[in-house]
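Taking it in order: structure first as structure tokens, then the write-up.
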Amino acid sequence: MNKPQPPKAKKNPQTLEIHNHVRIDDYFWLNDRENPEVIAYLNAENEYYQAMTAPTKVLQDDLYTEMKSRIKEDDASVPYLYNGYIYSTRFESGKDYPIYTRKKESVDAKEELLFDCNVLAEGHSYFQLSGMSISEDNQWVSFGIDSVSRRQYTIQIKNLITGEILPYKIENTTAGGTWSSCGKYLFYCRKDPKTLRAASIYRHELGTDPSSDIRVYFEDDDTFDVSLYKSKSRKYIIIASESTLTSEYQLLPANTPTAAFSLFQKRTRGLEYSVSHYGSHFYIVTNLEGATNFKLMKTPETKTTKENWVDVLPHREEVLLEGIDLFSDFLVVSERSEGLNKIRIMRWDGSQDYYLPFQSETYTAYTTTNLDFDTEILRYAYQSLATPASVIDFNMVTQEQKVLKEQAVLGGKFDKSNYIEERVWATARDGVKIPISMVYHKTTKKNGTHPLLQYAYGSYGVTIEPYFSSTRLSLLDRGFIYAIAHIRGGEDLGRTWYENGKMLHKMNTFTDFIDCSRFLIDEKYTTAAHLYAEGGSAGGLLMGVIINHNPELYKGVIAQVPFVDVVTTMLDDTIPLTTGEYDEWGNPNEKIYYDYMLSYSPYDNVKAQEYPHLYISTGLHDSQVQYWEPAKWVAKLRELKTDSNYLFLDTNMDTGHGGASGRFEALKEVAKEFAFLLDLEKIES
């Protein structure tokens, strides 16, 4: 039988010139999703991928069945109380989408159906309901639907008394809405139709034609996005304007919805802050006065500018202040030190100040749904690489806790004592210590013979927590070690950790990952013949860089929706998200940033050399990393690489950045990735 031949994309050279420097992009033409030749090329790549992986189809199906069997299909969230109603989300056996319900005052009350997304999703290959917001009189709910996967939501409004959905739609929004106190007005955010930037806040009057909605704010700086929310006190509707480095907030009393918003504190480049309201004060988490890791301040309601802010919790060099939860008697502070979450509980009167005790070597813990001021109960979640996620109610007075739910892992085989968790520290080439969180089966010996999957993200200050995954067990039980490298560019070790992995320090992100790989090999966790790497989006950029620099370290690489055409994308301000990214990557219209980006951009640095086996996935409708970035990358790799290793481009023609929307359909995508790894390891079942 003839071996399937990979597609060969045509070359149509496009000259790109800036700063007296010329680049020739042979595959620039792929950036037109309306071009039938583009669709034909993507389909040809899909057909090649399917043909080449046909021998693993049984394995994919087995993995899918195995992973699905661990999931409790008839599952429900822990209910929470809000404004007189108990809300819950559940899944039913065999169904992909959630069902949202509520009960009045008691769990024994009659259930009211809010939404059955399985019904709403019928006829759609992709479906997402988001941004559910209920009016204070409990009569109306606004909600957003995306059936394309470009995160352009259509808002609709449902009458919860009659069950009627009002006969009009509000298009091109961010999904969420915020109600005035009277329930007559809904505030929402609309996107720019081309760049998809969240740019405008509108006020909608219930029952009127959305074409007459009033725009109450427009953000004219295209490096900022806007959002809005209601304070926990329900007293204020708040507009947030934010860029990577700068914040600005505006306030409106929720009981005067037609009045004008007032400025909280005028934007000052580099000043970041967020606001919460309690009593007669606002509480502000901010980097004011050089507080790199942030501090907590407060100010009277009537005097909100920064000269009135006073310290509540001062800045600490080794502790990152991540957020707060306010209660009538307690202040709860979410911190991070030495890379681990800490939850601090303080009485306002100073009589108690303590931390929740966590004993694991590596874990993640965070506060969850805490909507009530007047309670002694803090709800938080806890999990680790080997411990399923738990939702816990903690009594802040008695310090007693109750586990409300632990994620069920079905199948009868799971026992968390069968898995070993470790946190180790690799030394980067500049001497900095990089934490790595790992998990593996207790029968897996540290002798260098086992396969290891190394994951990282490393951008935007995003911390990749050591989280539990029931799907990951399919690798661990087959002898894989799983490692998360907490590289610079995230905020794992504080704000400086992020600052040292962005802009003109971005190379630290890539070299940290490579140095962690070398450490794992040197410490005999694995060898280059069994080391695999995985990353998505900006983590896909990471994958592109490491295989250009050190392809010999990796047997195979998974790059999901990878951001790999950095220079061209960042020079095109019509592409969604570009202008808001300048403070993350730099603006290549300035030569210093252009040269630096060009030095690492994966697409621009593909060369004639051997590359690892590659599985690359994307979505045709991706609004964050356009499909043509991985498509161009694959075309260029096919042209230049000197090996015969796998190179797969798998394009989901129905989805965008997040992949499939159904909980079981998403497992099929994971099964593809795992089958790719197991096939390379010659593990057949």
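Sequence positions, counted from 1, serve as the residue numbers for this chain.
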Can we say Asp325 and Arg379 salt-bridge, meaning some charged N sits less than 4.0 Å from an Asp/Glu carboxylate O?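 Looking at Arg379 together with Asp325, the answer is no, because their closest N to O distance does not fall below 4.0 Å.
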If the threshold is 4.0 Å, N to carboxylate O, is there a salt bridge linking Arg197 and Asp222?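 No.
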Indicate whether any N or O donor in one side chain lies under 3.5 Å from an N or O acceptor in the other, for [X] and [Y].
{"X": "Ser130", "Y": "Gln128", "result": "no"}
{"X": "Thr569", "Y": "Glu629", "result": "yes"}
{"X": "Glu122", "Y": "Tyr97", "result": "no"}

Measure up the Trp348 and Tyr283 rings against each other and bin them: parallel (under 30°), tilted (30 to 60°), perpendicular (over 60°).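 Ring orientation, 0 to 90° scale: tilted.
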Do the rings of Phe282 and Phe264 sit parallel, tilted or perpendicular, given the 30° and 60° boundaries?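 The arrangement is perpendicular - the two ring planes meet at more than 60°.
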Please name all residues satisfying ring pair (Phe, Tyr, Trp, His ring centres under 6.0 Å) with [X], sequence neighbours left out, ordered by chain then number.
{"X": "Trp309", "value": "Tyr273"}
{"X": "His281", "value": "none"}
{"X": "Phe28", "value": "none"}
{"X": "Tyr80", "value": "Tyr87"}

Among all residues two or more places apart in sequence or in another chain, which pass the side-chain contact (heavy atoms from CB on, under 4.5 Å) test with Thr174?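 Residues passing side-chain contact (heavy atoms from CB on, under 4.5 Å) with Thr174: Cys189, Lys191, Ala198.
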Test side-chain contact (heavy atoms from CB on, under 4.5 Å) applied to Leu571 - qualifying residues, sequence neighbours left out: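 Applying side-chain contact (heavy atoms from CB on, under 4.5 Å) to Leu571 gives Ile18, Arg23, Val567, Pro588, Asn589, Tyr594.
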What residues, two or more places apart in sequence or in another chain, satisfy salt bridge (charged side-chain N to carboxylate O under 4.0 Å, His left out) together with Arg90?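 Listed in chain order: Glu92, Glu111.
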Which pairs pass salt bridge (charged side-chain N to carboxylate O under 4.0 Å, His left out) with one or both residues in residues 226-241, sequence neighbours excluded?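 Non-adjacent pairs meeting salt bridge (charged side-chain N to carboxylate O under 4.0 Å, His left out): Glu136-Lys230, Lys235-Glu301.
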Give me each pair satisfying salt bridge (charged side-chain N to carboxylate O under 4.0 Å, His left out) with a member in residues 254-274, each pair once, sequence neighbours excluded.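 Those involving residues 254-274 are Glu219-Arg267, Glu248-Arg267, Arg269-Asp583, Glu272-Arg495.
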Counting C-beta onward and ignoring hydrogens, is there a side-chain heavy-atom pair between [X] and [Y] closer than 4.5 Å?
{"X": "Lys632", "Y": "Asn31", "result": "no"}
{"X": "Gln156", "Y": "Leu166", "result": "no"}
{"X": "Met653", "Y": "Ile39", "result": "yes"}

The criterion is side-chain hydrogen bond (donor to acceptor under 3.5 Å, both in side chains); which residues satisfy it with Asp146, sequence neighbours excluded?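 By the side-chain hydrogen bond (donor to acceptor under 3.5 Å, both in side chains) rule, Asp146 matches no residue at all.
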Counterpart residues, side-chain hydrogen bond (donor to acceptor under 3.5 Å, both in side chains), relative to Asp108 (two or more places apart):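 Partners of Asp108 under the side-chain hydrogen bond (donor to acceptor under 3.5 Å, both in side chains) test: none.
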For the rings on Trp585 and Tyr460, is their centre-to-centre separation under 6.0 Å?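 Centroid separation for Trp585 and Tyr460: below 6.0 Å.
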Could you note down all residue pairs passing ring-ring contact (aromatic ring centres under 6.0 Å, His included) where residues 196-221 supplies at least one of them, sequence neighbours left out?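 Passing the test, one end in residues 196-221: Tyr168-His204, Tyr188-Tyr202.
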